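A quick write-up on the structure given underneath.
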Amino acid sequence: MPELPEVETVRRGLVKLIKNKTIKQVKVIYPKIVVGDPLEFAQQLQNKKIESIGRRGKFLLFNFNQGVTMVSHLRMEGKYFVKSADKPLEKHTHVVFSFTDGLQLRYNDVRKFGRMQLVKTNSIAQLPNLAKLGPEPLSDQFVLPDFVQKLANKKKAIKAVLLDQTVVAGLGNIYADEVLWLSKIHPLTPAAKLSVKQISVLRQQIITELTAAVKAGGTTVRSYTDAFEHSGNFQFDLHVYGRQGQPCQRCGSQIVKIRVAQRGTHFCPNCQQVIK
DNA sequence: CATAGAACCTGCTAGC
DNA sequence: TGCTAGCAGGTTCTAT
C-alpha cells in the first residue's frame with residue numbers, strides 16, 4: 001500500500017514507539033516474509049537494541065547496535081504496529097518482535113508481499129535493490145539535469161517511468177497520477193517526448209506533492225494506517241486518483257481511468273494532452 | 001538493454 | 001444468497 005509519504009509516516013511513528021527498545025525474542029510465523037533463513041534471522045536479532053530507524057525510498061531501515069540493520073519493505077499491505085505481548089495475535093501477523101519491556105512490534109501483511117532481511121549496516125549500500133534506487137525526491141540529490149537525463153532515453157509512458165524506482169525513489173501509483181495531473185502531462189506521454197520545461201514542472205510538483213503528503217500523514221484510500229494505527233489525511237487532497245467519472249477540479253471534464261503498466265491510471269483528458 | 005506481462009497473495013466488491 | 005471476475009498505495013522474474 002504505502003508510497004514514500006506513508007512509509008515516512010510509519011517511520012516517524014516507529015521512532016516514537018520502539019526506538020531504544022531491546023529485542024528479547026523474534027518469532028517468524030510466515031517464513032517467506034524473511035529473506036534468508038528465518039531461524040538465523042531471529043537468532044541474530046536476539047538482545048539487539050534499536051538505535052535508529054531510517055528510510056530510503058519505500059524501504060524502512062531498522063538500525064540495531066553491533067552494526068546490524070533490518071531492511072524492510074511493506075510492498076502493498078505491510079504494516080507495523082505495537083501491542084502488549086498478552087494481546088492475542090491478529091490473523092495476518094507474520095513476524096513478532098518481542099521486547100524486554102513486554103511490548104511487541106508486530107508485522108502484519110494481508111497479501112504477504114512484504115519482505116525483510118538483515119544486513120551489516122556498513123554494507124547496506126551494496127544491497128542490489130537499494131543500490132539501484134534513484135535519488136530521494138525530498139533531498140538535494142533530486143536535481144533537474146539528472147532527471148532530464150534519466151527521461152531522455154526512455155520511450156515508455158511517463159506514468160510507467162515514474163513508477164520505476166531507479167529513476168526517482170518513492171513514487172507509487174497514487175502520487176504518480178497526482179503529480180502528472182498537477183503538471184498537466186498525459187500519463188501515456190513517452191518520457192523522452194517531454195520538454196525540459198515540462199520535466200522541470202514535474203520535478204517541482206513531485207517535491208511539493210510529496211512534502212504535503214508527508215505533512216498530512218500520508219494517504220488512506222483502503223487499508224493504510226501508520227504505526228499508531230491511524231489513517232492519513234491526504235486522501236482529501238487527491239485530484240484524480242479514484243475520481244474517475246467525477247469532474248476535473250481545473251476544467252470540469254470527466255476524469256478518466258485507463259490501464260498503464262498494469263496499473264489503474266487516472267487523468268483529465270482535457271487538461272492532460274498526450275504528445276505523440 | 002529496454003519493455004511488456006506474469007507471478008507473488010488475500011480480501012473485497014460489483015455483477016450475474 | 002451464492003458464485004465469479006476483476007481489482008487493490010509494489011516489486012521481481014521471465015520472455016521478447
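Order of the sequence lines fixes the chain letters, A, B, ..., with proteins taken first and strands second; residue numbering starts at 1 for each chain. Owing to the predicted nature of the structure, the values given are computational and were not obtained by experimental measurement.
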* What class does the angle between the rings of A:Phe97 and A:Phe41 fall in, given that below 30° is parallel, 30 to 60° is tilted and above 60° is perpendicular? -> perpendicular
* Mind calculating the distance between NZ (A:Lys32) and C1' (C:dT12) to the nearest angstrom? => 12 Å
* To do: Sort out the partner of C:dT1 for me: Watson-Crick or G-U wobble, both distances under 3.5 Å, none otherwise.
  => none
* Asked: Quick one: is B:dC9 close enough that its OP1 or OP2 comes under 4.0 Å of any side-chain N or O from A:Tyr30?
  -> yes
* To do: Please check the phosphate of C:dA8 (OP1 and OP2 only) for any side-chain N or O of A:Arg259 closer than 4.0 Å.
  => yes
* Structure fact -> To the nearest angstrom, the NZ-C1' distance between A:Lys155 and B:dT3 comes to 11 Å
* Structure fact -> Of B:dT10, B:dT3, C:dT12, the nucleotide closest to the side chain of A:Val110 is B:dT10
* With under 30° as parallel and over 60° as perpendicular, where do the rings of A:His230 and A:Phe228 fit, or are they tilted in between? -> parallel
* Spacing of A:Gln262 atom CD relative to C:dT11 atom C1', expressed in whole Å -> 11 Å
* Salt bridge A:Glu6-A:Lys58, side-chain N to carboxylate O under 4.0 Å -> no
* To do: Provide the distance between the two P atoms, one in C:dT12 and one in B:dG11, to the nearest whole Å.
  => 24 Å
* Asked: Does A:Phe147 offer a backbone N or O that forms a donor-acceptor pair with the side chain of A:Arg203 under 3.5 Å?
  -> no
* Watson-Crick/G-U partner (both atom distances under 3.5 Å) of B:dC9 -> none
* To do: Under 4.0 Å between any heavy atoms, over every strand shown, what does A:Gly114 touch: base, sugar-phosphate, or nothing? Just pick one.
  => nothing
* Please give, in whole Å, the distance from C:dT12 C1' to A:Asn129 CG? -> 10 Å
* Determine: side-chain N/O of A:His73 to OP1/OP2 of C:dG10, distance under 4.0 Å, yes or no. => no
* To do: Take the protein atom NZ of A:Lys132 and the nucleotide atom P of C:dT11, then report the distance between them rounded to whole Å.
  => 12 Å
* Specify the separation, in whole Å, of atom OH of A:Tyr241 and atom P of C:dA8. => 6 Å
* Among B:dC8, B:dG11, C:dT11, which nucleotide sits nearest the side chain of A:Phe113? -> B:dC8
* Structure fact -> A:Lys257 atom NZ is separated from B:dA14 atom C1', nearest whole Å, by 13 Å
* Asked: A:Leu60 and A:Val71: same hydrophobic cluster, using ILVMFWY side-chain contacts below 4.5 Å?
  -> no
* Asked: In terms of side-chain heavy atoms of A:Arg263, which of B:dG11, C:dG10, B:dT3 is nearest?
  -> C:dG10
* Asked: Do any side-chain nitrogens or oxygens of A:Lys58 fall under 4.0 Å of OP1 or OP2 in C:dT11?
  -> yes
* Structure fact -> Out of C:dG10, B:dA4, B:dG11, minimum distance to the side chain of A:Lys156 belongs to B:dA4
* For C:dG6 versus B:dA6, give the span between their P atoms, rounded off to a whole number of Å. => 13 Å
* Over how many whole Å does the gap from A:Leu188 atom CG to B:dA4 atom C1' extend? -> 14 Å
* Residues A:Lys79, A:Asp109: salt bridge by 4.0 Å N-O rule -> no
* Asked: Considering only B:dA4, B:dT10, B:dG11, which nucleotide approaches the side chain of A:Lys112 most closely?
  -> B:dT10
